[in-house]
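Here the structure is laid out as structure tokens; the discussion comes afterwards.
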Amino acid sequence: MGVLIEVDWLVVGAGLSGATFAERAANVAGARVLVVERREHIGGNAFDANDEYGVRIHRFGAHIFHTSSVKVWDYLSRFTAWLPYVHRVVAEVDGVSLPVPVNLTTVLALVPGNAGERLRERLIKAHGAGSSVSVLTLIEHPDPDLRALGELVYEKIFLGYTMKQWGRRPEEIDRSITGRVPIIVSHDDRYFNDQFQGIPADGYTAMVDRMLRHPNVAIETGVDYREIVDQVKFRRMLFTGQVDELFEGKHGWLPYRSLQFENIRIHVDRVLQTAVKNFPGAEPFTRMIEHAHFSPMRRASTLITAEYPQRYVRGMNEPYYPLLDRESRQLYRKYAEEAQRIGDRVVLAGRLGKYRYLDMDQAVAHSLAIFENHVLRSSNSYPSARLRTGLDLWA
Ligand code: UDP
């Protein structure tokens, strides 16, 4: 079959990374963009949709937007208003709900009485009030009492959860992963301490839809890019899919972690104390999400989703997380070099393209940077399309 469409950029993947880049390329540089998405929907794993009771469901796990980047917050705020929301999580430990990340309240609950009080003081003295320390650092602490506290936290909060989530012990995965949830040396019980935090008022799907709504942007969902790549004439490609798939696994397949979701419907307005409850114990799931918490609206029915981590099997389930360790990073590097050898025709982006544990704000920031480096500062011009100089969608 011959060429059906001619574009400046072929963007593979309609998640936040692809949408951000497509929006900038079309809106600022006037590029013609085709976005191809293998799944049936836009928004990637941030995809959300209302259930029959009007509760917006985060279909692929809880997505709480948080960032300290004014640039990213301002950028997305052009496409959405925000529901104010501060994320708090509890973990069920020995039948009791404790704040996570572990903070000074959690310490006293784990070690009650004077012994706990002393540990809190030691922690403050060793690390400073308001600081944070990773559990893997605490279990190697020179102070034997703090080391014992580290071991207790490791045992009660991290070991079981991490074994379920990653199929590995905490010390066997990249330290940055458990470091995402450090021990907080204060009573702050927020899960994130970023300057900005919120949930898109009309949902992530609506936000991404607005980003992509532009006369220069065409979107194909439910289409694997391989099915159409021969029919599209494109100057360059932004690839946010699995980079090992792009190169047909020629260096070996990268490891990922997958999830399965089980929905539980209960006909009351809310059941859980927080939107997310973690289960580091013997249960087969890692956490439960109660979607109703993301909006102040009260409904007659609530949906709770339990998250069951799974092995990723190619073609069978979704690669939600890169499984980061030294070996997988090395393997990724081979693919990144492979992409570089092609020259600047292919640019890798997003959690799967970069094989990095990117949060939503980081994905957006990276795509903005890619746009600035590969489009704005390059000699690319798109004479065929209108050139706009700024975002005027919401002006
Ligand atoms: N973690 C844990 N127990 C918890 C919370 C987190 O062991 O109660 C560890 C676990 O290894 C997890 C990692 O910290 O994968 C990062 O947690 P985060 O909540 O950031 O994971 P995400 O929401 O990205 O899945």
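If you read the sequence from its start, that first residue is 1, and numbering goes on from there. Every number for a ligand or one of its atoms is a count from 1 in the order of the listing.
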> Can the ring centroids of F294 and Y85 be said to lie less than 6.0 angstrom from one another?
Replying inline: yes
> Tell me, which protein residue and heavy-atom name are nearest atom 15 (O) of ligand 1, and how many Å apart are they?
Replying inline: W166 NE1, 2.8 Å
>> For W82 together with F196, are the ring centres under 6.0 Å from each other?
In response: no
>> Side chain, backbone, both or neither: which applies to L159 and ligand 1 if a contact is any heavy-atom pair less than 4.0 Å apart?
In response: neither
>> One pair to check against salt bridge (Lys or Arg N to Asp or Glu O under 4.0 Å): R314 and E245. What are the steps and the verdict?
In response: CA-CA 10 Å; R314 276 187 70 229; E245 294 286 346; 2.8 Å; yes
> Between atom OG of S68 and atom CG of D194, what is the distance when rounded to the nearest 0.5 Å?
Replying inline: 3.5 Å
> So is T162 polar-close to ligand 1, meaning N/O to N/O under 3.5 Å?
Replying inline: yes
> With a distance cut-off below 6.0 Å to the six-membered ring centre and an angular limit of 45° from the axis, does R39 pair with F60 as a cation-pi contact?
Replying inline: yes
>> Side chain, backbone, both or neither: which applies to R287 and ligand 1 if a contact is any heavy-atom pair less than 4.0 Å apart?
In response: side chain
> Which residue holds the protein heavy atom closest to atom 25 (O) of ligand 1, what is that atom called, and what is the gap in Å?
Replying inline: Y321 OH, 2.5 Å
> Hey, looking at atom 21 (O) of ligand 1, which of F192, F158, Y357 has the closest heavy atom?
Replying inline: Y357
>> If I take atom CG from residue L83 and atom CZ from residue R56, how far apart are they, to the nearest 0.5 angstrom?
In response: 7.0 Å
>> Quick check: do M207 and L16 have side-chain heavy atoms less than 4.5 Å from each other?
In response: yes
>> Please check whether I157 reaches ligand 1 - meaning an N/O of the residue sits under 3.5 Å from an N/O of the ligand, judged on distance alone.
In response: yes
> Do Y355 and Y256 make the cut of ring centroids closer than 6.0 angstrom?
Replying inline: yes
> Among protein heavy atoms, which lies nearest atom 20 (O) of ligand 1, and at what distance?
Replying inline: R180 NE, 2.8 Å
>> Test side chain to side chain contact (heavy atoms under 4.5 Å, CB included) on Y312 and Y320; report intermediate values, then the result.
In response: CA-CA 9 Å; Y312 167 70; Y320 291 104; over 6 Å; no
>> Give me the nearest non-hydrogen protein atom to atom 5 (C) of ligand 1 as residue plus atom name, then the distance to 0.1 Å.
In response: N278 ND2, 3.5 Å
>> Is it the case that ligand 1 has an N or O less than 3.5 angstrom from some N or O of Y191?
In response: yes
> Of all the non-hydrogen atoms in the protein, which one sits nearest to atom 13 (C) of ligand 1, and at what distance?
Replying inline: I177 O, 3.5 Å
>> Below the 3.5 angstrom mark, is there an N/O of Y161, backbone or side chain, next to an N/O of ligand 1?
In response: no
> Nearest non-hydrogen atom to atom 17 (O) of ligand 1 belongs to which of V181, T286, V276?
Replying inline: V181
>> Show me which atoms of ligand 1 lie under 4.0 Å from any heavy atom of Q165.
In response: 15 (O)
